[in-house]
Amino acid sequence: MQSHLLLLVVFAFFVSLVFAVIAKDEPRAQLRYGGLMFGGFLASAIVLGWLMYPFPL
Amino acid sequence: MRATAAEETQSGSLVLLCLASWAIPGAGHLWLGRRSKGLIFLIALPMMFAIGLAIRGRLAPFDLSDLLVSLAAVADLGIGLPYFIASALGYGGGDVRAVTYEYGCTFLIVAGLLNLLVVIDAYDTAMGRK
């Protein structure tokens, strides 16, 4: 498992899952909260990745 | 004012609950009858920790000369029993040359910090705040 994107997805999944279960009690609310957080993780990582693309390390 | 025997018993139970919740992720919620939450924590957090070890993350040492490393060590310790099992079995040495090293360290640290949040949640639940 060396794909950065895959690791990012796995990381986002676990963090979203735990936060959703902590923050909400109802399964529907957990699913909505976790889904939003998971999507937010992925979207922000991809947007930040493209924003940093022009800058050399 | 002295605490009553009932209050002392309750605070003793709370300490035990928090210790159990820290040592075994999800144990506090299982103790309180929140079975689905407890099972999710019991599976997700050790799995996240194991992935961190599998992709060659390092369990940070308690190096007092470097504050950030010490903080990472405290965060790693937050996962509880899996930390001691991994250390005893010789895992967590890390491989800084591995592409996934930084990810591995992040998985280990975040798994520990999330478990500390779970302990606080179990405490709040036991206190009737949730």
Side-chain angles (χ1 to χ4, degrees), chain A, chain B residues 21 25-26 28-30 32-57 75 78-79 82 95 97-126 128-130:
Chain A
M1 189 153 66
Q2 294 201 343
S3 160
H4 286 242
L5 184 65
L6 179 60
L7 286 169
L8 169 78
V9 170
V10 172
F11 180 83
F13 171 76
F14 280 114
V15 175
S16 307
L17 175 70
V18 173
F19 266 105
V21 173
I22 286 175
K24 304 289 177 186
D25 287 329
E26 296 300 316
R28 258 185 93 86
Q30 288 173 345
L31 200 64
R32 184 179 153 76
Y33 189 88
L36 277 173
M37 185 177 267
F38 182 70
F41 260 119
L42 295 193
S44 57
I46 289 168
V47 168
L48 280 173
W50 276 106
L51 284 176
M52 288 191 291
Y53 185 71
F55 301 107
L57 283 176
Chain B
S21 187
H29 287 80
L30 290 172
L32 295 169
R34 307 279 175 113
R35 285 174 63 187
S36 57
K37 283 192 174 197
L39 283 174
I40 288 172
F41 297 139
L42 187 63
I43 294 167
L45 291 173
M47 192 178 282
M48 194 176 179
F49 186 77
I51 291 172
L53 292 176
I55 59 175
R56 302 189 187 174
I79 195 70
D95 180 3
R97 295 165 302 174
V99 177
T100 53
Y101 172 75
E102 292 292 343
Y103 271 103
C105 294
T106 306
F107 269 73
L108 294 171
I109 289 170
V110 173
L113 292 176
L114 285 175
N115 192 41
L116 294 179
L117 270 182
V118 168
V119 173
I120 294 169
D121 187 61
Y123 176 80
D124 277 345
T125 305
R129 293 177 187 151
K130 291 189 79 177

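Just so we're on the same page: letters track the sequence lines, and every chain starts at 1. Just so it is clear, the structure is predicted and the values come from calculations on it, not from any experiment.
A donor-acceptor pair is defined here as one N or O able to donate and one able to accept, closer than 3.5 Å; such a pair exists between the side chain of B/Thr100 and the backbone of B/Ile55.
Taking 4.5 Å as the limit, some side-chain heavy atom of B/Phe49 sits within range of a side-chain heavy atom of B/Leu53. Residues A/Gln30 and B/Lys37 form a side-chain contact, since some pair of their non-hydrogen atoms from C-beta on lies under 4.5 Å apart.
With B/Met48 as the partner, the side-chain contact (heavy atoms from CB on, under 4.5 Å) test is satisfied by one option alone out of A/Val15, A/Val10, A/Val18: A/Val15.
No part of A/Phe13 comes within reach of chain B, as not one of its non-hydrogen atoms sits under 4.5 angstrom from that chain. At a 4.5 Å heavy-atom cutoff, the contact between B/Val118 and chain A is made by backbone and side-chain atoms alike. Of the two parts of B/Leu117, the backbone and the side chain both hold a non-hydrogen atom closer than 4.5 Å to a non-hydrogen atom of chain A. Residue B/Ser36: no heavy atom, backbone or side chain, is found under 4.5 Å from chain A. Interface remark: A/Leu17 contributes side-chain atoms only to the contact with chain B (heavy atom separation under 4.5 Å).
In summary, the aromatic rings of A/Phe11 and B/Phe107 are positioned with their centroids under 6.0 Å apart.
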